[in-house]
Amino acid sequence: MKKELAKVYDPKDIEDRLYEKWEENKYFHAEVDHSKTPFTIVIPPPNITGQLHMGHALDETMQDIIIRFKRMQGYNALWQPGTDHASIATEVKVINALKEQGITKADLGREGFLKKCWEWRDEYGHRIVKQLKKLGSSCDWDRERFTMDEGCSRAVTEVFVKMHEKGWIYKGKRIVNWCPKCQTSISDAEVEYQLQHSHFWHIKYPLINEDGTVSTTQFLEFATTRPETMLGDTALAVNPEDPRYKDLIGRKVMLPIMNRPIPIVGDEHADMEEGTGVVKITPAHDPNDFEVGKRHNLPVINIMNDDATINENGGRYQGMDRYAARDAIVKDLDDMGLLVGIEDLDHNVGTHDRCGTTVEPLVKDQWFVKMDELIKPAIKAVKTGDIRLIPKSMDKTYFNWTDNIKDWCISRQLWWGHRIPAWYCDDCGETIVARTAPEKCPKCGSTHLHQDPDTLDTWFSSALWPFETLGWPDQTEDLKYFYPTDVLVTGYDIIFFWVIRMIFSGYEQMGERPFKTVLFHGLVRDAQGRKMSKSLGNGIDPLKVIDQYGADALRLTLIRGNAPGSDMRYVPERVENSRNFANKVWNASRFIMMNMAEGEEADLTKMPAGLFPEDKWILSRFNSTVKAVTDNLEEYQLGIAADKIYDFIWGEFCDWYIEMVKPRLYGTEDQSSKEAALWTLQAVLIGSLKLLHPFMPFVTEEIFCTIQSKEPSIMISKWPVWKSEYDFPAEEKAVGIIKDAVTAIRKLRSDRNVAPSRKAKIYVVSEEQSVLDIFEEDRLFFARLAYASDVVLQKDRTGIPEGALSCILPFAGFFMPMQDLIDIKGEIERLQKEEKRLEGELKRSANMLSNERFLSKAPAAKIEEEKDKQKNYQQQMEGVKKQLEQLRSLS
RNA sequence: GGGACGAUAGCUCAGCCGGGAGAGCGUCCGCCUCACACGCGGGAGGUCACGGGUUCGAGCCCCGUUCGCCCCACCA
């Protein structure tokens with residue numbers, strides 16, 4: 001039975017079926033095999049709270065294209081998948097879910113709460129994986145990992161203990177970013193600055209006289225955006241060079257409300273140019289002030305509880321929220337005559353990126369990673385090119401962060417995550433950091449020990465992702481073979497959170513880079529260029545798009561015309577075009593199959609002897625496309641590669657080649673001609689499907705498996721390579737000439753409104769026998785494409801009816817006698833226009849070729865090219881003039 | 001304040017090494033031509049933001065300007 005495809009490509013029927021087939025046959029699975037070169041990608045592990053969004057879709061598609069390409073090239077390709085426990089994001093979700101049942105975290109206790117988290121993970125953690133599969137992602141699911149599985153947890157503990165021994169992880173009282181809502185510390189990277197409307201309050205504190213009395217006439221004035229923190233002020237600072245104030249250094253002012261004398265210190269931090277030059281110093285609630293406090297041994301007075309209400313150090317404001325306290329304090333200061341004025345101000349306020357709450361800098365006992373030494377190899381890696389960032393412009397962003405890096409606060413006051421492997425002795429206070437829970441205190445022998453309640457920043461484990469997923473800390477075969485990975489594909493928005501941390505972790509723990517290249521992509525925005533967000537409700541669900549248009553269409557849409565590192569807009573119409581392209585490929589294949597005789601599969605390993613010029617032309621074009629696309633993919637220029645395949649398949653193979661060979665397929669007399677055409681059709685189609693497969697895995701697989709029976713799947717077939725026997729420059733040129741002629745003739749007919757159904761005799765006139773030979777050889781398809789009833793080749797214009805429609809090209813003139821369409825005047829006008837255009841071109845060409853400096857400096861090939869052009873224009877001009885002359889003699 | 005990115009057809013965007021600008025959508029004209037109307041053929045539409053410079057030659061390289069967007073830092 002002859003194989004057939006449905007008339008319209010319907011992805012719904014086939015995508016799930018093919019994905020199952022791939023999984024069943026273990027095509028995604030990679031094992032250590034020393035006869036092959038590994039190529040490894042680790043997935044950016046999606047959060048278990050996540051739902052597939054367009055950002056994932058883009059990220060996954062890029063990785064899948066690369067891994068499928070490499071797999072077909074013969075690499076032992078591993079795409080290592082997994083998910084992230086996403087400590088704070090998950091904890092918040094679980095808390096909210098519990099809230100609906102009226103349960104709090106505290107009700108359940110630590111154990112109970114963690115149980116809920118694991119339940120949550122079991123229920124939702126696989127949702128995202130299922131969604132990734134809908135996209136066609138060829139991850140090795142047998143190797144799926146989770147950042148809190150046994151192995152990853154072991155890796156985390158190992159790193160923590162090792163780094164602690166090295167002195168690179170320490171505990172200390174530092175000012176940290178505190179989220180009063182989530183009740184945890186967060187890292188600098190998690191702080192998001194937001195422009196907020198606020199005020200600048202101008203306040204003055206009275207000077208304390210030399211005799212100890214409070215002055216009623218002398219005040220120091222300053223401005224602040226946070227008047228409530230005055231409760232914790234422990235100094236005013238002025239610049240030591242400031243002539244206005246330097247005599248006052250060492251004197252005191254009376255802190256109003258609290259009635260506490262505080263010193264005036266001289267510190268560089270006070271900028272003489274700014275405001276009055278006086279700054280209030282609150283070491284407990286401002287990072288800069290904390291530093292000033294350290295330099296001057298100032299007391300640190302914390303005035304806030306963990307929920308940002310005022311604590312017992314805030315006197316009568318105790319219990320008030322920080323903003324209520326602010327209003328009250330401003331009012332009280334005003335009543336005391338100490339409020340000088342209020343100014344409107346828009347300024348950036350740090351907020352927690354998860355919940356949007358304004359962070360409160362607080363002094364806390366937290367765990368930190370010391371960054372100064374750790375970061376060095378990471379800086380060197382990008383400087384020397386050991387790790388390459390694409391696009392290159394990301395280098396600067398990278399260095400901007402590494403050059404200004406501060407120690408990393410890694411402890412979180414959360415329950416869901418890796419618990420810090422530190423224990424404290426209740427009797428002597430000793431801190432024990434260990435891989436397993438110690439039985440007794442090594443210092444005093446006490447068995448009264450308790451573990452640090454905190455967990456680690458979720459990025460602490462993701463930083464180890466490239467090697468922990470391959471077995472580290474064990475020295476597994478997988479690790480030796482697949483590490484370092486080849487390319488990391490991710491959005492630029494997590495360069496600081498994740499990419500940099502993986503790089504320094506890789507060098508520190510493995511002594512080697514975690515990946516050779518980082519390929520950054522941008523954000524997928526909506527059609528108006530806005531970020532897709534839940535609150536705006538403008539997000540487009542990739543799953544719905546897949547449902548409607550197919551995964552292939554979505555994938556191609558996201559890849560075409562998307563340059564690395566730059567944001568893209570999701571314009572729905574573009575998906576339609578991609579879907580149309582899938583249908584185009586489908587129908588071209590359908591056409592070829594319809595013409596294949598039963599059981600007649602071409603032997604693609606053997607090129608037939610009797611190929612026609614057009615066969616050679618398309619093979620040659622295909623050959624060039626193979627090379628270009630391969631080069632682009634090697635350079636991770638995915639969008640450019642996709643464009644080239646699209647253009648080749650649609651613009652050359654379908655629009656031209658298939659049309660060219662139709663007469664040979666329909667005719668039955670010349671069997672070898674038909675076979676040559678069928679061989680070429682299959683060779684080029686199957687080759688093109690292979691090129692397209694990484695981009696559109698489903699439709700290509702379905703066609704591949706229908707049109708040939710030798711190989712079980714396109715995804716494990718061989719990637720095409722450039723072949724010298726497919727290189728036909730002469731035929732490329734010859735068919736190029738025919739295409740030009742066909743286009744010109746079609747335009748002429750279109751201009752004159754000649755219906756396609758109306759055929760005409762075409763005279764091809766050229767003095768050059770070689771040109772006539774080309775038309776002779778390609779007569780069959782030329783006639784079809786140019787709507788010719790007959791083609792007459794001759795060296796001059798004898799016998800051509802007067803007033804025939806004509807178009808003149810450099811290499812030949814074409815004449816179509818259509819008596820009812822004679823319009824001598826119109827023809828003259830048309831040719832005059834052409835004459836004028838040619839005059840311009842000839843002038844430009846002559847100018848260039850008479851330019852001494854062009855001739856002496858431009859490359860020889862360029863000069864030759866220009867000379868050829870000039871010659872062509874001259875020939876064409878000659879033909880146009882001749883024709884004009886004749887027409888004028890008629891009129 | 002520092003830095004990145006962008007400004008190309010009506011819209012959304014490509015444009016690799018500098019050698020006379022492309023795609024999709026839209027639009028206009030003509031076609032149900034025996035694979036595909038999710039299609040075919042043809043057309044219109046561009047001062048490549050602006051001003052200088054380098055070069056035989058600039059959308060592309062250099063300097064400056066304007067506008068947009070993002071990141072980082074900071075505003076006491």
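Convention: sequence-line order gives letters A, B, ...; per-chain numbering from 1.
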Quiz item: Are Asn577(A) and U12(B) close enough that a side-chain N or O sits under 4.0 Å from OP1 or OP2?
Solution: no
Exercise. Check every strand shown and say whether Asn583(A) touches a base, only sugar-phosphate, or nothing at a heavy-atom separation below 4.0 Å.
Key: base
Quiz item: Which value, in whole Å, describes the distance between the C1' atoms of nucleotides C28(B) and A44(B)?
Solution: 7 Å
Quiz prompt | Euclidean distance for C1', C32(B) against A23(B) (whole angstrom) | solution = 27 Å
Practice problem: Using a heavy-atom cut-off of under 4.0 Å over every strand shown, decide if Pro859(A) touches base, sugar-phosphate, or nothing. | Solution: base
Quiz item: What nucleotide, of G42(B), C16(B), C36(B), holds the atom closest to the side chain of Ser750(A)?
Solution: G42(B)
Quiz item: What is the minimum heavy-atom distance between Ile342(A) and Trp201(A), and which atoms define it?
Solution: CG1-CD1, 3.6 Å
Quiz item: Expressed in angstrom and rounded to an integer, what is the separation of Arg784(A) atom CZ from G41(B) atom C1'?
Solution: 13 Å
Quiz item: Under 4.0 angstrom, heavy atoms only, what part of the nucleic acid is Asp647(A) near: base, sugar-phosphate, or nothing?
Solution: nothing
Quiz item: How far does the P atom of C62(B) sit from the matching atom of G22(B), given to the nearest Å?
Solution: 25 Å
Practice problem: Name the nucleic acid region contacted by Glu576(A), choosing base, sugar-phosphate or nothing; use a 4.0 angstrom heavy-atom cut-off, strictly under. | Solution: nothing
Quiz item: How would you label the contact of Lys584(A) with the nucleic acid (heavy atoms, under 4.0 Å): base, sugar-phosphate, or nothing?
Solution: base
Quiz item: Which atom pair, heavy atoms only, marks the closest approach of Ser845(A) to Gln870(A)?
Solution: OG-CB, 3.5 Å
Quiz item: Which value, in whole Å, describes the distance between the C1' atoms of nucleotides U47(B) and A21(B)?
Solution: 13 Å
Self-check item: Listed nucleotide nearest any side-chain atom of Ala858(A), set C56(B), C5(B), A35(B)
Solution: C56(B)
Quiz item: Under 4.0 Å between a side-chain N or O of Arg569(A) and OP1 or OP2 of U12(B)?
Solution: yes
Quiz item: Rounded to whole angstrom units, what separation is found between the CG atom of Asp271(A) and the C1' atom of C75(B)?
Solution: 10 Å
Quiz item: Starting at CZ of Phe854(A) and ending at P of G20(B), how long is that distance when rounded to a whole Å?
Solution: 10 Å
Exercise. Figure out the CE/P separation between Met568(A) and C25(B), and round it to whole Å.
Key: 16 Å
Quiz item: Looking at the side chain of Arg579(A), which of C38(B), A35(B), U12(B) is the nearest nucleotide?
Solution: C38(B)
Quiz item: If only side-chain N and O atoms of Lys396(A) are considered, is one of them under 4.0 Å from the OP1 or OP2 phosphate oxygen of G3(B)?
Solution: no
Quiz item: Between C74(B), G42(B), C38(B), which one does the side chain of Arg746(A) approach most closely?
Solution: G42(B)
Quiz item: Does CD belonging to Gln528(A) count more than 12 external heavy atoms closer than 6.0 Å?
Solution: yes
Quiz item: Is Ser757(A) touching bases, backbone alone, or none of the nucleic acid, heavy atoms closer than 4.0 Å?
Solution: nothing
Practice problem: Select base, sugar-phosphate, or nothing to describe what Tyr646(A) touches, counting heavy atoms under 4.0 Å on all strands. | Solution: sugar-phosphate
Practice problem: Report which part of the nucleic acid Phe200(A) touches: base, sugar-phosphate, or nothing (heavy-atom distance under 4.0 Å, all strands). | Solution: sugar-phosphate
List, one per line, each side-chain donor-acceptor pair under 3.5 Å for residues 219-239 of chain A, sequence neighbours excluded.
from      : atom 1 : to        : atom 2 : distance (Å)
Thr224(A) : OG1    : Arg226(A) : N      : 2.9
Arg226(A) : NE     : Glu228(A) : OE2    : 3.2
Arg226(A) : NH1    : Glu360(A) : OE2    : 3.0
Arg226(A) : NH2    : Glu228(A) : OE2    : 3.1
Arg226(A) : NH2    : Glu360(A) : OE1    : 3.0
Arg226(A) : NH2    : Glu360(A) : OE2    : 2.9
Glu228(A) : OE1    : Arg326(A) : NE     : 2.8
Glu228(A) : OE2    : Arg326(A) : NH2    : 3.0
Thr229(A) : OG1    : Arg226(A) : O      : 2.8
Thr229(A) : OG1    : Lys280(A) : NZ     : 2.5
Asp233(A) : OD1    : Lys280(A) : NZ     : 3.0
Asp233(A) : OD1    : Thr282(A) : OG1    : 2.7
Asp233(A) : OD2    : Tyr205(A) : OH     : 2.7
Thr234(A) : OG1    : Pro299(A) : O      : 3.2
Asn239(A) : OD1    : Glu241(A) : N      : 2.9
Asn239(A) : ND2    : Ala270(A) : O      : 2.8

Exercise. Scan Arg749(A) against the nucleic acid and name what it touches under 4.0 Å (heavy atoms): base, sugar-phosphate only, or nothing.
Key: nothing
Quiz prompt | Sugar-phosphate, base or nothing in reach of Ala270(A), heavy atoms under 4.0 Å | solution = base
Exercise. Consider the side chain of Lys747(A), meaning its heavy atoms from C-beta on, and name the nucleotide among C29(B), G42(B), A35(B) that approaches it most closely.
Key: G42(B)
Quiz item: Can you list the stems that include RNA chain B, where a stem is three or more consecutive Watson-Crick or G-U pairs with distances under 3.5 Å?
Solution: B:1-3 with B:70-72, B:5-7 with B:66-68, B:10-13 with B:22-25, B:27-31 with B:39-43, B:49-53 with B:61-65
Quiz item: Contact class for Val8(A) vs. all strands (heavy atom < 4.0 Å): base, sugar-phosphate, or nothing?
Solution: base
Practice problem: Decide yes or no on side-chain contact (heavy atoms from CB on, under 4.5 Å) for Leu248(A) and Val253(A), but give the supporting numbers first. | Solution: CA-CA 10 Å; Leu248(A) 294 175; Val253(A) 293; over 6 Å; no
Quiz item: Does the side chain of Trp650(A) get closer than 4.0 angstrom to OP1 or OP2 of C40(B) through an N or O atom?
Solution: yes
Self-check item: Pairwise P distance, G41(B) and A49(B) [rounded to whole Å]
Solution: 32 Å
Self-check item: N/O (side chain, Tyr193(A)) to phosphate O (OP1/OP2, C74(B)) under 4.0 Å
Solution: yes
Exercise. Quickly work out the His347(A) NE2 to G1(B) C1' distance and round it to whole Å.
Key: 17 Å
Quiz item: So, does Trp586(A) use its side chain to make a donor-acceptor pair with the main chain of Ala6(A) at under 3.5 Å?
Solution: yes
Quiz item: Is C34(B) in the syn or the anti form, by the rule that syn lies within 90° of 0?
Solution: anti
Quiz item: Between Tyr666(A) and A35(B), is there a side-chain N or O to OP1/OP2 distance below 4.0 Å?
Solution: yes
Pairwise N/O distances under 3.5 Å, protein to nucleotides 64-71 of chain B:
none

Quiz item: What does Lys7(A) touch in the nucleic acid at a heavy-atom separation under 4.0 angstrom: a base, only the sugar-phosphate, or nothing?
Solution: sugar-phosphate
Exercise. Rounded to the nearest angstrom, tell me the gap between atom NZ in Lys857(A) and atom C1' in G18(B).
Key: 15 Å
Quiz item: Should we count NZ of Lys833(A) as having more than 12 external heavy atoms under 6.0 Å?
Solution: no
Self-check item: Gap in Å between the two C1' atoms, one belonging to C50(B) and one to C67(B), rounded
Solution: 10 Å
Practice problem: Respond yes when some side-chain nitrogen or oxygen of Lys843(A) is under 4.0 Å from OP1 or OP2 of G20(B), and no when none is. | Solution: no
Exercise. Nearest whole angstrom, please: distance from the C1' of C74(B) to the CG of Leu345(A).
Key: 12 Å
Quiz item: If the C1' atom of U33(B) is compared with that of C40(B), how far apart are they to the nearest Å?
Solution: 8 Å
Quiz item: Say you pick atom P in A4(B) and the same atom in C56(B); how far apart are they, in whole Å?
Solution: 30 Å
Self-check item: Lys392(A)/Asp395(A) salt bridge by N-O under 4.0 Å criterion
Solution: yes
Practice problem: Can you check whether any acceptor in the base of A4(B) is under 3.5 Å from a donor in the side chain of Lys392(A), or vice versa? | Solution: no
Quiz item: Within this structure, what is the CZ-to-C1' distance between Phe591(A) and A35(B), rounded to whole angstrom?
Solution: 6 Å
